[in-house]
Amino acid sequence: MEDTNSLIEQRRTKLAALAAKGINPFMNKVSLKELTGCGDARAKFERGELAEDAPVAIAGRISAHRDMGKSQFIDLKDVTGRVQVYAQKGALGDEPFEIFKHLDLADFIGVKGTMFRTRAGEISVKAESFTVLAKALRPPPDKWDGLADTEVRYRQRYLDLIANDEVKQTFLKRSAIIREIRAFFHERGYVEVETPMMQAIPGGAAAAPFKTFHNALGCEFFLRIALELYLKRLLVGGVDKVFEIGRNFRNEGLSRKHNPEFTMLEAYEAYGDYETMMETVESLVKRVAQNVLGTLVVTRENKSGTAVTIDLTTWRRVRYKDLVREKAGADWFDIAPAERRRRAIEDLKLAGDIADGYEDFEVTGAVFEKLVEPTLIQPTFVTHLPKELVPLAKLSPDDPTTVEVFECCINGQEISPGYSEQNDPIAQRETLEHQAGGEQQKLDEDFLTALEHGMPPAGGIGIGIDRLCMMLLGQESIRDVILFPQLKPKA
RNA sequence: GGGUUGGUAGCUCAGUGGUAGAGCAUCGGCCUUUUAAGCCGUUGGUCGUGGGUUCGAUCCCCACCCAACCCA
């Protein structure tokens with residue numbers, strides 16, 4: 001980082017000037033006692049908890065300044081918000097006031113003073129003294145236009161957070177969402193665990209893994225693509241209600257909806273089934289929305305700019321096959337596979353979405369994914385998926401071509417799958433061997449051994465936290481709910 | 001992987017085959033209750049990178065890099 005410009009040079013000169021005056025521009029410690037948050041000071045004054053002329057000490061980053069000659073206004077910002085500081089030459093003294101006037105935007109300072117309201121009505125702190133806490137050697141983004149360059153916003157997210165308050169709010173809310181999720185499961189008696197991210201056999205999903213190597217053990221490991229198989233081992237071990245929130249890694253394409261590493265919630269409940277878990281998902285999302293957004297009705301704009309209202313009060317349950325029949329014809333599942341393929345390609349115009357090698361269930365899958373899923377705006381549990389799609393679930397007794405599975409779709413996106421977990425080790429081995437044959441994956445023998453020791457019947461869910469955040473926070477890109485999304489390193 | 005769009009001052013953006021522009025920020029001056037403060041003045045550029053065409057390229061052509069979006 002040897003790059004420089006006149007603005008940086010100026011700031012370095014100011015830094016040297018402070019040092020020459022014996023001022024340490026990078027304080028080890030804020031010596032101000034009983035620091036009040038900048039935004040908190042405003043709020044407390046508003047509520048009457050801080051009176052006119054009440055003494056306060058605040059610290060924050062300078063986000064604006066308005067120079068009046070022998071007095072100056074600055075805005076000071078911390079995570080609690082913004083407050084105006086009023087500095088007068090007479091109150092600070094000549095030399096300190098000169099120093100104050102030459103502070104730069106983005107510098108951190110501490111201020112001691114008293115609360116008051118200006119003639120214009122602005123709640124402010126009248127400075128009696130101040131301390132330089134940290135000098136900023138680079139200028140911040142524009143105060144009014146903010147930071148728009150997506151590349152800089154993602155690579156230097158700290159600048160995005162400084163310049164774009166709505167971005168900061170989004171990430172604060174993401175944190176609140178995750179806090180609510182944890183509270184929800186803890187209240188229901190779940191145990192939170194951490195399972196290996198480095199796995200010898202990456203299981204629990206069909207996805208390309210990242211590969212790594214352990215030098216001391218002399219063998220390959222893979223970054224996990226799912227949490228599932230380790231959490232089920234814990235069901236075997238008697239942890240009856242278990243959940244994990246953690247990162248998964250998939251070595252696949254990047255898009256508006258895909259980041260190579262993403263955050264997954266998985267939860268399993270012994271003696272439950274897919275219906276138990278539908279209730280769980282519904283209650284969880286309602287609680288999170290209510291406590292973080294303060295409402296169950298979320299209105300936002302979609303890509304084409306039209307407003308979409310998502311009402312989380314009522315959750316529909318409908319079978320996969322019925323939804324497909326609505327789009328593809330009532331007789332869809334009665335006709336021959338070749339006719340299904342023809343109809344999908346010719347009548348439903350899905351030629352581009354159906355590869356030559358697609359099996360019959362994949363043809364139907366394309367119909368669902370392209371024609372049904374995008375239309376599921378209101379919360380919908382799509383149940384009874386074809387068994388080929390979910391090898392780790394139990395067959396439905398009333399239709400053995402399907403499994404006891406749901407996909408929860410909101411805003412045209414899958415938010416959460418859940419199912420009655422397969423706990424028959426013999427049936428599980430068969431489906432995994434069949435799948436492994438096609439995908440040339442290694443069988444996780446230890447997982448199958450665990451099942452043979454007996455796994456209680458259980459319901460399980462997975463929720464993509466990033467996509468849940470997108471839906472709740474009205475973000476169209478996964479990069480806008482991940483602080484540091486993956487980008488190609490700059491050469 | 002393919003397509004489209006973009007990359008110009010610290011930030012947001014104009015612009016042109018012939019000395020590179022605005023607003024904000026910076027720096028200086030005036031102003032002790034302003035708030036996108038105001039007024040006057042001022043500094044600041046490898047026009048993404050590398051080639052090519054041309055008397056001359058930030059602009060036209062080619063390749064490459066990075067990003068966003070769409071498609072696979």
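Here is how names work: the chains are called A, B, and so on, in the same order as the sequence lines, proteins then strands, and each is numbered from 1. Note that the structure is predicted; figures quoted are calculated from it, not measured.
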Undergrad: Distance check needed: B:rA68 P versus A:Asn259 CG, whole Å only.
TA: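 The distance from CG of A:Asn259 to P of B:rA68 comes to 10 Å, rounded to the nearest Å.
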
Undergrad: Whether the side chain of A:Arg138 engages the backbone of A:Ala106 through a donor-acceptor N/O pair (distance < 3.5 Å, no angle test) should be reported.
TA: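 Looks like no, no N/O pair under 3.5 Å.
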
Undergrad: Taking the C1' atom of each, how far is B:rC31 from B:rC59, in whole Å?
TA: 45 Å

Undergrad: Take atom P in B:rG48 and the same atom in B:rU43, then report the distance between them in whole Å.
TA: 24 Å

Undergrad: Among B:rC69, B:rC66, B:rC13, find the nucleotide with the atom closest to the side chain of A:Ala148.
TA: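 Ranking B:rC69, B:rC66, B:rC13 by closest atom to the A:Ala148 side chain puts B:rC13 first.
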
Undergrad: Base contacts versus sugar-phosphate-only contacts with protein, heavy atoms under 4.0 Å: please encode nucleotides 33-40 of chain B as B, S and - from 5' to 3'.
TA: BBBBB---

Undergrad: When the P atoms of B:rA9 and B:rC64 are considered, how many whole Å apart are they?
TA: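 It comes out at 25 Å once rounded to the nearest Å.
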
Undergrad: Rounded to whole angstrom units, what separation is found between the CG atom of A:Asn5 and the P atom of B:rC27?
TA: 13 Å

Undergrad: Does A:Ala344 offer a backbone N or O that forms a donor-acceptor pair with the side chain of A:Asp347 under 3.5 Å?
TA: no

Undergrad: For the C1' atoms, the ones on B:rG18 and on B:rA22, what distance do you get once it is rounded to whole angstrom?
TA: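 Result for the C1' pair: 22 Å, nearest Å.
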
Undergrad: Roughly how many Å apart are B:rC69 and B:rC13, using the P atom of each and rounding to a whole number?
TA: 16 Å

Undergrad: When the distance from CG of A:Asp480 to C1' of B:rC69 is rounded to whole Å, what number comes out?
TA: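 From A:Asp480 CG to B:rC69 C1': 13 Å.
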
Undergrad: Can you tell me, in whole Å, how much space there is between the C1' of B:rU19 and that of B:rC30?
TA: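 Nearest-Å result for B:rU19 against B:rC30 at atom C1': 34 Å.
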
Undergrad: Going by atom types only, do A:Arg479 and A:Gln486 share a side-chain donor-acceptor pair under 3.5 Å?
TA: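 On atom types as modelled, these side chains do not qualify, holding no pair under 3.5 Å.
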
Undergrad: Is the gap between the ring centers of A:Phe368 and A:Tyr320 under 6.0 Å?
TA: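 Yes, the ring centres sit under 6.0 Å apart.
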
Undergrad: What is the distance, to the nearest angstrom, from the CD atom on A:Glu151 to the P atom on B:rU49?
TA: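 So the CD-P distance, A:Glu151 to B:rU49, works out to 14 Å.
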
Undergrad: Is any side-chain heavy atom of A:Ile123 closer than 4.5 Å to one of A:Met115?
TA: yes

Undergrad: By the 4.0 Å heavy-atom rule, please label A:Leu147 as base, sugar-phosphate, or nothing.
TA: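 Counting heavy atoms under 4.0 Å across all strands, the contact made by A:Leu147 is with sugar-phosphate only.
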
Undergrad: Is a salt bridge present between A:Lys168 and A:Asp160, judged by a nitrogen-to-oxygen distance below 4.0 Å?
TA: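 So A:Lys168 does not pair with A:Asp160 through a salt bridge.
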
Undergrad: Under 4.0 Å between a Lys/Arg side-chain N and an Asp/Glu carboxylate O for A:Arg61 and A:Asp78?
TA: no

Undergrad: What is the distance, rounded to the nearest whole Å, between atom CD of A:Glu252 and atom P of B:rC71?
TA: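 It is 18 Å, rounded to the nearest whole Å.
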
Undergrad: Evaluate A:Ser255 against A:His258 for side-chain hydrogen bond (donor to acceptor under 3.5 Å, both in side chains), listing each step before the verdict.
TA: CA-CA 5 Å; A:Ser255 81; A:His258 299 88; 2.7 Å; yes

Undergrad: Pick the closest RNA chain B nucleotide for A:Asp353 and for A:Arg11 by heavy atoms, then say which residue is nearer the 5' end.
TA: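 The residue closer to the strand's 5' end, by nearest nucleotide, is A:Arg11.
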
Undergrad: Counting only heavy atoms and a strict 4.0 angstrom limit, can you tell me which residues of residues 90-105 of chain A come near RNA chain B?
TA: A:Gly90, A:His102, A:Asp104, A:Leu105

Undergrad: Examine B:rA68: is either OP1 or OP2 under 4.0 Å from a nitrogen or oxygen in the side chain of A:Arg256? Give yes or no.
TA: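 No, A:Arg256 has no side-chain N/O under 4.0 Å of OP1/OP2 on B:rA68.
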
Undergrad: I'd like to know whether the aromatic ring centres of A:Phe213 and A:Phe221 sit less than 6.0 Å apart in this structure.
TA: no

Undergrad: Taking atom C1' in both B:rA14 and B:rG51, compute the distance separating them and give it to the nearest angstrom.
TA: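 Pairwise C1' distance, B:rA14 against B:rG51, rounds to 29 Å.
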
Undergrad: How many Å lie between CD on A:Glu9 and P on B:rG44, as a whole number?
TA: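 Rounded to whole Å, this separation is 13 Å.
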
Undergrad: Is the side chain of A:Thr375 donor-acceptor paired with the backbone N or O of A:Val372 at a distance under 3.5 Å, no angle test?
TA: yes

Undergrad: Any cation-pi pair here, A:Lys135 with A:Phe108, using under 6.0 Å and within 45°?
TA: no

Undergrad: Given atom NZ of A:Lys70 and atom P of B:rG29, what is their separation to the nearest angstrom?
TA: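 Nearest whole value for this atom pair: 12 Å.
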
Undergrad: Does NZ or CZ of A:Lys89 lie under 6.0 Å from the centre of the six-membered ring of A:Phe97, at an angle within 45° of the ring axis?
TA: no

Undergrad: State whether A:Lys89 places a side-chain N or O below 4.0 Å from either non-bridging phosphate oxygen (OP1 or OP2) of B:rU32.
TA: no

Undergrad: To the nearest Å, give me how far apart CG (A:Asp142) and P (B:rA9) are.
TA: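 Rounded to whole Å, this separation is 14 Å.
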
Undergrad: Taking the six-membered ring for Trp, are A:Phe73 and A:Tyr86 parallel (under 30°), tilted (30 to 60°) or perpendicular (over 60°)?
TA: parallel

Undergrad: Using a 3.5 Å limit on both distances, find every run of at least three consecutive Watson-Crick or G-U pairs that involves RNA chain B.
TA: B:1-7 with B:65-71, B:10-13 with B:21-24, B:27-30 with B:38-41, B:48-52 with B:60-64

Undergrad: What's the gap between B:rG28 and B:rG44 when it is taken at their P atoms, as a whole Å value?
TA: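 Result for the P pair: 15 Å, nearest Å.
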
